[in-house]
Each structure stands twice: as C-alpha cells, then as structure tokens.
Amino acid sequence: MRKYPRSTAEMLAAIVDAADPEWTRAGLADALSAHRRGLDDAQADAVAGHLLVAFPRQPPDRRDAIAGRIVELAMPPPRPRPAPRELWDGLPRYADYSALALAYDMTVPELDWLADRGTWLRSRTGPLQHYRVTPIPKRRGARVLEIPKPRLRETQRRILRRVLDRLPPHPAAQGFVAGTSPATFSSPHAGRPVVIRIDLRRCFETITVARVRAVFAAVGYPPAVAGALADLCTTTTPAERLVGVDPVHAAILRSRHLPQGAPTSPALANLVMRTLDRRITGYAHRHGLVYTRYGDDMALSGTIDDPSAVVWVVGQIVADEGFTVHGDKTRIMYAHQQQRLTGLVINDRPRVCRSEYDDLRALLHNAIRTGAGAQNRDDVGDFEAHVRGRIAWVGATSPARRQKLLEMASRVDWSRD
C-alpha cells in the first residue's frame, strides 16, 4: 500500500498553513485542492475528513501535525486523466466564463459580483449581501434559512430550469422531483414488518462548493463554467448573522455551502447524493430490503432480523459520503407499532393520521357555525388558503377524506369574523 511521501505531506501541510482555512471539512478540503500542486476535490475531501478525525480542534503545531497525519494515510492509486467529457444531452452550451455571463444577461463583472468570486461578501453587510439570513430556533439549535434576493433568485431559477431539471437524480430520491411526494417516498414501505427511518444532520449545509462544482463538471462543463455555476448556487454566511448559533453549525455555515432557501439547493442535493443513494440501494437489494429518500429523510424496510446492524452499515456509508446521521432522530418501527414517515402513517397504506383529520374536521365544523374568523386563533394571514392547504395535505392520500373536507369547506363563510 503506497502512502503519501514525506515531501508531499509537508508540501500539502504548507499549503494549508499558508491558506489558514477554517478548521472544518469544507475549509480544509478547499485549501488542499485550491493550490495548483494540491489534491483533486475527492482526494482533498478524504484527507480533510481524516484530519478532522485526528484533530477535532485545530492543533497548536498545525503544520507539523498535518504533515505527520498525512504521511500516515494510504495514497490512492494514480488514475488516468479522463478525456474531456461530452456535454450531457439537452444541456445548454457555455463555452467559457464570458459565454455564461452573456447567457444569463450579465456582464463579466456582474457575474463576478453575483457569484462572489472574490469572497468579499463574507464581510459585507446589509444591501450588499445576496441573501436574507434568518435563524429559526428549534428545540435544539436553530435552522438557518438563507433566502436569495430577487436578482440572484431569478438567476438560480434559470439554472434550475435550463440545467438541473434535465439531470436525473437516483430513482431512490423521492423528494423535490416532478412526480414525487411524501406519499411516493413512504408507499414502498407500507405494510412491511420493520421500517427504519434515518435522518441526516445539516444535510444542505454540509454539501461544499467543491461537491457542487463536481456536479457541473461531471456533465461536461469546462472548469471555469462549472466553478461559476457552483459559486452562483452556494454561499458563505456572514459571521454577524450567526450570533447565538451553535459554534459547530456556525463553522459549517462560514464555509461555502448549499443554502437552505435557494431554489437550486434541493436539486443539487439530490445530484450530489446520487452515489450515496446508489450505495445504500445496492446494500438494500442484497439483503432483500427497500430504500427511498426524501430530502434528508432516509427509509429502509423489510424483514430485518437485526435492525441495529442495518443502522450501523448505513451510518458507515453516510459517513463515507461526507454526511452525518442525526442519531436522535433514528427510528426502528415494527408492524405492531405506529409506523410513520414524513408525517404519514404507513402501517397499511400511507395516510395522514386520524387525529390530524379529526382536528381539521372539527375546525371546519366550528367554522360553519361561527364563521372562519373565530377559528383563526393564530391570526394566520389568508386563513382560507391555509385551511385549504391542510385539506390538500390530508386529501392527497385519501380521496374520500378530501371530498368530505371540501364539502364542509364550501359551507364556511370565510368572510365572517
């Protein structure tokens, strides 16, 4: 087994030391791959992962420690340089950086600014930022929404329509794809003896710009174009917007990542996770199981003698692919229990639970007697649209329930306070 020579390890350690990156997997991987004598994206990500396992916190003698750790690692065998790949059928052609700017109705300086090529937006504030950042408190930690402003959002929507919507995710991906839904995600697991639900922690944020760049490069775009498209679809969160956010989460957000709230992020996450889906699907098929994924929710089901072993194996695959299992949300559900996926009870077939249907029916019954306003206790804007949205959710898996609820809704005076 060939290992990294001491000279190579010291050279890579010097590159990292000079770059002074944030001590995160994404920060280290970017530093290891950015230099012309550095590693490729896949190698850099693997080495960065090993460094973080060895040194969860940045060591005081960073340069020597990095070199000492790298020299212990197995060096991947040399691979022949692939020939330039033909562009994926049906995708628009962008010959170079200037052509990309022209195709999206921008000048080159405008593209530089919108893609934040100089990373100057890490410290800019207010109107100069491309995203509105909103931390939403949860029981543990916070969900950080990053909503692109109109100019960038429209550009991302065009990338989604022109490029990403034409690239198929793995068939196991049953979310954020036309024709999929929580019902198509959960229905393969209905009536199974054992259902395992595994949740990924901070799924979008842990997808680095290098992995997004690799998606665009893999379908044939030249490096400058793939890099610009990746930069348009990722962001670095300003430190001032992360006050009070868990330090580990904040460190991830300070590296360039997929933002929760961008229209391109779900499609890109599905494409980045193709290898993860393929590997878990292969494992599931070898053991007579079924696997599907909806965003960061994964489900496996079948006749399983040792569910803990399945959880362990999937966890190893997840870690190897650069993601993290949210252990607190892992569930092993047997047929004698209520089995739930994405809010649907699936013991016999996917349905919204009876209590949710009963609550909605009671609300409509009271609204018929008292008027809609008296039932809008949370002062929801456009209460009728809110209620009809709930009816659509309940009715998506039960036409009979939908018909009953719509009939009741037609008898409500929605204008009455």
Side-chain angles (χ1 to χ4, degrees), residues 26 91-92 94 97-136 142-167 169 173 175-178 180 202-209 211-213 215-216 219 221 224-242 245 252-273 295-296 381-382 385 389:
L91 294 184
Y94 309 124
Y97 193 81
S98 298
L100 179 68
L102 182 63
Y104 287 86
D105 304 318
M106 288 183 272
T107 64
V108 168
E110 286 175 327
L111 177 55
D112 286 342
W113 174 71
L114 207 59
D116 190 20
R117 302 288 280 174
T119 68
W120 51 80
L121 296 181
R122 288 170 63 97
S123 57
R124 297 296 189 270
T125 58
L128 294 177
Q129 285 294 329
H130 293 322
Y131 289 83
R132 294 184 175 89
V133 181
T134 307
I136 300 176
R143 174 180 288 108
V144 179
L145 291 183
E146 298 174 288
I147 310 298
K149 293 180 181 178
R151 178 77 186 278
L152 179 58
R153 183 168 63 247
E154 179 54 31
T155 300
Q156 290 174 342
R157 283 174 176 164
R158 293 165 77 179
I159 294 172
L160 179 64
R161 291 193 302 267
R162 296 176 182 183
V163 179
L164 300 177
D165 280 347
R166 303 183 185 190
L167 302 176
F176 316 115
V177 182
T180 66
R202 299 167 186 150
C203 178
F204 281 16
E205 296 99 321
T206 53
I207 295 177
T208 64
V209 66
R211 302 185 77 174
V212 176
R213 190 186 308 125
V215 168
F216 291 112
V219 297
Y221 285 118
V225 173
L229 288 169
D231 287 343
L232 286 168
C233 297
T234 56
T235 188
T236 302
T237 313
E240 65 166 11
R241 304 312 307 270
L242 297 174
V245 175
I252 294 171
L253 293 169
R254 290 288 288 150
S255 299
R256 196 138 194 169
H257 61 275
L258 274 187
Q260 286 201 55
T264 45
S265 290
L268 281 167
N270 277 340
L271 294 169
V272 167
M273 296 169 77
D296 57 7
D382 198 347

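Just so it is clear, the structure is predicted and the values come from calculations on it, not from any experiment.
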* Asked: Residues in salt bridge (charged side-chain N to carboxylate O under 4.0 Å, His left out) with R162, at least two apart?
  ->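 In terms of salt bridge (charged side-chain N to carboxylate O under 4.0 Å, His left out), with neighbours along the sequence ignored, R162 is linked to no residue.
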Side chains of [X] and [Y]: closer than 4.5 Å at any heavy-atom pair?
| X | Y | result |
| --- | --- | --- |
| M106 | W113 | no |
| V215 | V272 | yes |
| R151 | E110 | yes |
| L102 | Y94 | no |
| T235 | H130 | no |
| L271 | V212 | no |
| T264 | L164 | yes |
| Y221 | V163 | yes |

Exam field: side chain [X] to backbone [Y], donor-acceptor pair closer than 3.5 Å:
| X | Y | result |
| --- | --- | --- |
| R256 | V209 | no |
| R153 | P148 | yes |
| K149 | R132 | no |
| S265 | G261 | no |
| Q260 | F204 | no |

Straight-line distance of [X] [atom1] to [Y] [atom2], nearest 0.5 Å:
| X | Y | atom1 | atom2 | result |
| --- | --- | --- | --- | --- |
| D231 | D112 | CG | CG | 10.0 Å |
| L167 | L160 | CG | CG | 10.5 Å |
| I136 | T134 | CD1 | OG1 | 6.5 Å |
| I207 | R211 | CD1 | CZ | 6.5 Å |

- [ ] Applying side-chain contact (heavy atoms from CB on, under 4.5 Å), name anything that partners R161, two or more places apart in sequence or on another chain.
- [x]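 For R161, the residues satisfying side-chain contact (heavy atoms from CB on, under 4.5 Å) (neighbours in sequence not counted) are E154, R157, R158.
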Taken in chain and number order and not counting sequence neighbours, the residues that satisfy side-chain contact (heavy atoms from CB on, under 4.5 Å) with T180 are Q174, V177, T184
Closest non-hydrogen atom pair between [X] and [Y], with its separation:
| X | Y | answer |
| --- | --- | --- |
| A228 | L100 | CB-CD2, 3.5 Å |
| L114 | T155 | CD2-OG1, 3.6 Å |
| L268 | C233 | CD1-CB, 3.6 Å |
| F216 | V219 | O-CG2, 3.2 Å |
| L253 | E205 | CD2-CG, 3.4 Å |
| Y97 | R117 | OH-CG, 3.4 Å |

- Could you walk me through whether L145 and V133 pass side chain to side chain contact (heavy atoms under 4.5 Å, CB included), step by step? CA-CA 6 Å; L145 291 183; V133 181; over 6 Å; no
Item checked: Neighbour count above 12 (heavy atom, 6.0 Å) for R143 CZ -> no
Between E146 and H257, does the side-chain hydrogen bond (donor to acceptor under 3.5 Å, both in side chains) criterion hold? Intermediate values first, please. CA-CA 11 Å; E146 298 174 288; H257 61 275; 2.8 Å; yes
Requested in this report: Report the C-alpha distance between Y104 and I159 in whole Å, list the side-chain angles of each, state the deciding distance to 0.1 Å, and finish with yes or no for side chain to side chain contact (heavy atoms under 4.5 Å, CB included).
Outcome: CA-CA 9 Å; Y104 287 86; I159 294 172; 3.7 Å; yes
